[in-house]
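From a predicted model like this one, the values you see are computed outputs, not experimental measurements.
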Amino acid sequence: MPEEAAKPKKKERAPPPPPPAGVSTGCVLVRYAIGSLLAAAEGDEQSFMECAPFQATYMKDKPRLTGRVGLTGTKAVAKNTSLLDNKATALQQITPDDFWEALQAVLTRLASTSTLSISYCKVTKQSLFEKYGQDFAALGLLDESQVGKKSKVKPDQPLTLAVLKDADSTIFMSVVPGVPYASPSASLENIQLDQKDCDAKGGKKGLLFSSKWEVTVKAEGAGEEAALLESMPDAIPSISISPEGQGLLKQVSEAIEAKEAAEKEEAAEKEEEEKQQKEMHVDPFSVEGTIDYDKLVEQFGSNLLDEALLKRFEALTVGKGRVPAMHRFLRRGIFFSHRDMHSVISSLEKNEAPMYLYTGRGPSSSAMHLGHLVPFLFTQWLQKAFDCPLVIQMTDDEKFIFKGEFDENEGDNLEYFAGLTMENARDIIACGFDYEKTFLFSDLDYVGRMYPNICRIWKSVTTNTINGIFGFEGSSNMGKIAFPAIQAAPSFASSFPTVLDVPSEERRKTKQICLIPCAIDQDPYFRMTRDIAHKLVDKKVHPLGGKPALIHSKFFPPLQGAEGKMSSSNTNSAIFLTDTPEEISHKIKAFCFSGGKETKAEQQKHGADLEVDVAYQWLRFFLEDDEELEKIGKDYSTGSGEFWSTGIVKDRLIVVLQKLVAEHQERRSKITDEEVRKWMSERCIRPPSS
C-alpha cells in the first residue's frame, strides 16, 4: 500500500499584541469605579463581586480594545452587603440604564480629580497572607481563584496587584500579569463608555436580578507604562461607597418604598374588598363579618351618642354626686348608640316621670364569660348613677325553645336551662347591684304575671312581621315565633304590677320610662316593641309615647379576632368567669389575636394596628385608667416606649383580667341558693316617693 501522505501541520496563530497601557489601565479603573459604586468590599465580609482576570482583545482596524471585565455576583453574596437594610432587594431594582449612567458619572469625576493614585506590584501569595491573614480575598476586587481559600496558586507564586488610593478608599485588585499598565491620568482622559457597546446580563428587571451577572466594557486610549514594584505598599484596604453609588441606591430605595407603598395600598384595597365580600350580618341569633358600626346604626335606624347628649347625661349622674365619673364604656364609645335617650334625659331633667332599667340574660352555659359581663357592669353603674329600679329577665324559656333537646328515654331538657338560670344569677348578683332596687326573674317562673301584656303584644304583631324581622320560616317551631313578645313584655311597667307598683287600673296611664341597656344585636326585639307600644300605654300620657328607650353597646370581640362577638360555644374564644389565673394567662398568650408586626424591626418601624389587636381592644373595656390606656395605645401603635410590643401589652391585659376575675369569683362564692331565691322573690322595688 502506498504510504499515507503526511497531514500538514496547522499554522499556529500569533498571540494578539498586548493592549496599550492606557487601555488596560482604563479597564482597571472601570473595575475600581464599579467597586466604589456598589461598595464591593465590606470590611471582613465576603466580597460582593468576584472579578475574573481582565481579558483583552486587540482590534486591528484601530487602536481600540474590547475589555471583558468579568464581574459576577450572586444573590447569596449580595446578602452579605450592609449598605441598606434591604440591599439585596435594592440592587435587584438597578436597571442597566441606571448602572451605566452612574458608572459614567464616577469615571467623569475621577477624570477631573487628582486625588486618585495607582501603583502596581508583584508579590507572592504567602507575603499577602502573612501581612493580611487568610481572609485576604475579602479585602478587595481580587480573583478568588488566585488568592481565595480554594486557590491552587502556590504560596511562593508571584501575583500582580494594582493598589488604588482615593480620598476615602484604598483597594487591592488582581490584574493580568504581563500586560502594560499606565498612570491613571493618562488613561482616564481616553476612557469612553458607549452604552450600545456595553453588555449587562441580568435581565430587564434588574442588573442583579439573575443568580449571576456580568459586565462588558469597551475602552480606548494610550499612555506611558507604569513601573512594577517588587513589594506591597503600606496600605490598609478599605472602600467606601461613592456619592454616585449613594445616589443610585437612594434612587432605588425610593423606588422600593414607592413599590411597597403601592403594594400596601393594593393589599388594603384587597382587604377592603374581602371585608365587603364577607358581608356583615347582625341579628339577635348571630353576628358575622367585620362590624361597621356606623353602617349598622344606619341600617337599624338608631342614633349615635353625641358629645352634647353625653354632657347632659353627665350632669344628671356625676353632677348629682351619685357617681364619681362617667363610666369608661361611655368615655370610650363602647356604649355608642341609642333610641330616645334625648327624651329620657329631658324627662329626668324636668323630673316629670320615674325611670326603671331593664336588661337580661339567656342562660346558655353554666359559666358566663367576659362578654356577658359587659352589659351588667354598665347596668350596675346606671342603677347607681340614676338611683333607679332594675328588672333582669332570665330567658331560660328562650334557650330551651332555640337549643333544647328531646330524648325518647330521658324526655326534654327544660330543667337543664332552669338550672343554668340559678348558676348565671350568681354571676349577675356578684356584679354589685342594689338588692333593694333589683328584681331578677326567670321567665319559667314569672311569665304568668306578664301574660296579659304578652297576649296584647301577640294580638298587635302579625306572623309576617315577626318572620320578616327575625327570619323565621315555616319550619321554625311556634315557640320561636311566640318568644319575641315575651322579651318585649318587660318593656312595659304594667308587666310588674307588684315589683314596680303599677295597679291594674293605672296600666295604660303609667308614666314610668323603661331604659334598656343591651348589645346592639338585641335591637330588633325592641324596634318591634316600640312599633306597638301605643297599644299598651297611652302615648298622650307617657313622656316617650309608651316606647322603651335603648342604649346600645358594641360587641366584645372574641380572642381570635375583632370580628363578630364572643361565644360560649368556643371555649378558646373566651375568658370565662370561672377560669383560673393560669388559664387566663394561657388563653391570652396562645389565642389572643395580635395587631402587632411579625418582627421586632417591623414593629418598631410601623407599630401595631390597634383596631384589630384584641389585647388592646379588651383593655379598652376593662382598664379603668384613661391615661394608662392612652400611653399603651401610643406606645404600641408606634412600636416605641414601655408598651412597644405585643407581649408587653398582653402581659398588662393578663394582670387586669386576673384581678377582675378573681374579685368576681370571691364575691360569687358568697352567694348561696337561698340568696339567689331572695333576689328572685316578687316584691316592690319602687321607692314610695318615685
Side-chain angles (χ1 to χ4, degrees), residues 281-288 359-369 371-372 391-428 440-459 461-490 495 518-519 521-522 524-526 528-529 558 564-574 576-578 673 676-677 679-680 682:
H281 176 78
V282 176
D283 64 31
F285 316 113
S286 64
V287 177
E288 299 173 352
T359 192
R361 158 79 178 138
S364 57
S365 62
S366 59
M368 289 170 56
H369 58 57
H372 297 141
V391 295
I392 303 175
Q393 181 184 41
M394 304 297 289
T395 58
D396 36 21
D397 55 341
E398 176 220 9
K399 291 305 175 185
F400 172 71
I401 290 168
F402 282 82
K403 296 185 177 183
E405 297 175 354
F406 177 80
D407 182 88
E408 290 289 346
N409 297 319
E410 301 294 332
D412 62 50
N413 62 344
L414 178 60
E415 292 303 318
Y416 166 73
F417 293 100
L420 294 183
T421 288
M422 294 294 290
E423 290 299 317
N424 287 185
R426 289 184 173 85
D427 284 311
I428 294 170
L440 196 156
F441 65 95
S442 158
D443 281 347
L444 292 175
D445 295 335
Y446 189 76
V447 71
R449 296 289 270 165
M450 299 190 297
Y451 194 69
N453 277 346
I454 292 172
C455 289
R456 293 182 179 102
I457 297 168
W458 282 338
K459 176 67 174 175
V461 184
T462 67
T463 303
N464 285 340
T465 298
I466 291 295
N467 292 345
I469 294 173
F470 299 101
F472 299 141
E473 299 174 349
S475 60
S476 301
N477 64 57
M478 67 174 65
K480 291 183 179 181
I481 298 171
F483 176 74
I486 299 173
Q487 184 157 323
S495 294
C518 62
D521 61 333
Q522 297 301 301
Y525 282 110
F526 303 109
M528 175 206 74
T529 306
K565 66 176 183 178
M566 186 174 286
S567 171
S568 297
S569 60
N570 184 354
T571 57
N572 289 330
S573 77
F576 289 87
L577 299 179
T578 53
D673 287 350
V676 173
R677 285 190 287 270
W679 283 70
M680 299 181 74
E682 186 178 7

>> Within this structure, what is the CD1-CD1 distance for the pair Ile466 and Ile481, rounded to the nearest 0.5 Å?
In response: 8.5 Å

> Minimum heavy-atom separation for Gln393 to Ile486, with atom names?
Replying inline: NE2-O, 3.1 Å

> Is a side-chain donor or acceptor of Asn477 paired with a backbone partner of Ile401 at a separation under 3.5 angstrom?
Replying inline: yes

>> Less than 4.5 Å apart, side chain to side chain, heavy atoms only: is that true for Phe400 and Asp397?
In response: no

> Side chains of Met680 and Thr421: does their closest heavy-atom pair fall under 4.5 Å?
Replying inline: yes

> Looking at CD1 of Ile457 and CE of Met450, how far apart are the two atoms once the value is rounded to the nearest 0.5 Å?
Replying inline: 9.0 Å

> Is a side-chain N or O of Asp521 found less than 3.5 angstrom from the main chain of Phe285, in a donor-acceptor match?
Replying inline: no

> Does atom CD of Glu682 have more than 12 heavy-atom neighbours, drawn from other residues, nucleotides or ligands, at distances under 6.0 Å?
Replying inline: yes

> What are the two closest non-hydrogen atoms of Leu414 and Asp412, and how far apart are they?
Replying inline: N-OD1, 3.1 Å

>> What I'd like to find out is whether the side chain of Asp396 reaches to under 4.5 Å of the side chain of Lys399, using heavy atoms alone.
In response: no

> For the atom pair NZ (Lys480) and CZ (Phe470), what is the distance rounded to the nearest 0.5 Å?
Replying inline: 12.5 Å

> At their closest point, which heavy atom of Ala418 faces which heavy atom of Leu444, and how far apart are they?
Replying inline: CB-CD1, 4.0 Å

> So, for Thr395 and Gly362, which heavy atoms are closest and what is the spacing to 0.1 Å?
Replying inline: OG1-CA, 3.1 Å

> Atom CG of Asp427 and atom CZ of Phe576: how far apart are they, to the nearest 0.5 Å?
Replying inline: 11.5 Å

> Can you name the nearest heavy-atom pair linking Asn424 to Ser366, along with the distance?
Replying inline: ND2-O, 3.4 Å

> Phe402 vs Phe472 aromatic rings, parallel, tilted or perpendicular, using cut-offs 30° and 60°?
Replying inline: tilted

> From Tyr416 OH over to Lys403 NZ, what is the distance, rounded to the nearest 0.5 angstrom?
Replying inline: 9.5 Å

> Rounded to the nearest 0.5 Å, what separation is found between the CG atom of Leu420 and the CE atom of Met394?
Replying inline: 9.0 Å

>> Could you report the tightest heavy-atom contact between Pro363 and Phe417, atom names first, then the distance?
In response: O-CD2, 3.6 Å

> Hey, is the main chain of Ala489 close enough, under 3.5 Å, to the side chain of Ser495 for a donor-acceptor pair?
Replying inline: yes

>> Strictly distance-based, threshold 3.5 Å: is any side-chain N or O of Glu398 a donor or acceptor partner for the main-chain N or O of Asp443?
In response: no

